[in-house]
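Each remark here refers to the structure printed beneath this line.
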2 protein chains.
Amino acid sequence: MGEYVNDDDLSRILKAVGDTTRRHILTLLVQEGAMRVTALAAHFDMSLNAVSKHIKVLEEAGLVARKTLGREHFIAAELGRLSLTESWFGKLKSIWELRLAALDNLLVSKDEQNAE
Amino acid sequence: MGEYVNDDDLSRILKAVGDTTRRHILTLLVQEGAMRVTALAAHFDMSLNAVSKHIKVLEEAGLVARKTLGREHFIAAELGRLSLTESWFGKLKSIWELRLAALDNLLVSKDEQNAE
DNA sequence: CCAATAGTCAACCATTTGGATGAATATAAT
DNA sequence: ATTATATTCATCCAAATGGTTGACTATTGG
């Protein structure tokens, strides 16, 4: 609750999710559950290594968790971190609405002046 | 309503907002309302030109609108586009929950089998 | 034991990005 | 008319990004 939104974390998350391939990976993970690196890579027209790097970026952003069983790495989505971005968006919107409300009050008091 | 989420748009928006300076610009705009380029730039320890470029990126992502009055450009936040990202996050979460529900059903029917 | 499989790491490359600076353009002020 | 202000455009640069390939490590199966 009330988690502190670190700016660097936020940047890392948004950058991670700003790439099509990585969003696609996340989508696959939420619909299929945990997947191995090779299984994920099979969905993309690029090398295994490239996909592996994308996974690393997602992992560093905390959007994905890795469980290693023998030689196999199981990757699972961690949607929790997305709430950080949502809370930032929410903050923006609330500031926005606060300002609009303040403007409204200003207009109302002008009206009252005029009504005298 | 039900706006079609274009993948490239989404990438552009998320990349735009993945930069600290640009997030800061958006924050300033929502709290102050429309601002001139120079006024925005005054808040940052970088050249006017750099800020101008950041504004351009935000503009191309549709997160900001520009109204030109004479030589002055007034920049205003356009929070509407942020809903695109929210709807993507929402989609992810709903897929996620669908899958969990499906797993649940699976377990329940196994239970029923065992109960025979 | 040996070969195959699952992954990462390292080096390399082209492109993009975030910044700087200098010039150009358009408007406003004197 | 000239100068000052507001802003973008163009060029340049270093660093980051997204991709490739080749080598390396670790685990598993025959």
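As a basis for the values below, the full set of heavy atoms in this structure was taken, side chains included, without hydrogen atoms, waters or symmetry mates. Order of the sequence lines fixes the chain letters, A, B, ..., with proteins taken first and strands second; residue numbering starts at 1 for each chain.
- Side chains of A:Val57 and A:Lys15 form no contact here, defined as non-hydrogen atoms less than 4.5 Å apart.
- When each of A:Gly70 and A:Ser47 is assigned the nucleotide of DNA chain D bearing its nearest heavy atom, the one mapping closer to the 5' terminus is A:Ser47.
- Scanning residues 15-23 of chain B for heavy-atom distances under 4.0 Å to DNA chain C yields B:Asp19, B:Arg22.
- In this structure, A:Phe74 shares a hydrophobic cluster with A:Leu69, the cluster being traced through Ile, Leu, Val, Met, Phe, Trp and Tyr side chains under 4.5 angstrom apart.
- Legend: residues meeting side chain to side chain donor-acceptor pair (under 3.5 Å) with B:Arg66, ordered by chain and number and at least two apart, are B:Glu59, B:His73.
- With sequence neighbours left out, the side chain to side chain donor-acceptor pair (under 3.5 Å) criterion links A:Lys93 to B:Glu86.
- When rounded to the nearest whole Å, the span between CG of A:Leu58 and C1' of D:dG18 equals 13 Å.
- The distance between atom CG of A:Leu69 and atom C1' of C:dA6, rounded to the nearest whole Å, is 13 Å.
- Contact check for B:Val30 versus A:Arg99: no side-chain heavy atoms found under the 4.5 Å cut-off.
- One atom, CZ of B:Arg12, and another, C1' of C:dT16, lie 15 Å apart when rounded to the nearest Å.
- The aromatic rings of A:Phe89 and B:Phe89 lie parallel to each other, with less than 30° between the two planes, well short of the 60° mark.
- In this entry the distance linking CD1 of A:Ile25 with C1' of D:dG19 reads 13 Å, nearest Å.
- Distance CG/A:Leu84 to CG/A:Leu10: 6.5 Å, rounded to 0.5 Å.
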Protein-to-nucleotide contact annotation, 5' to 3' order, nucleotides 5-12 of chain D [B base; S sugar-phosphate only; - none; under 4.0 Å, heavy atom]: BSBBB---
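- Not a single side chain to side chain donor-acceptor pair (under 3.5 Å) links A:Thr38 to another residue, sequence neighbours left out.
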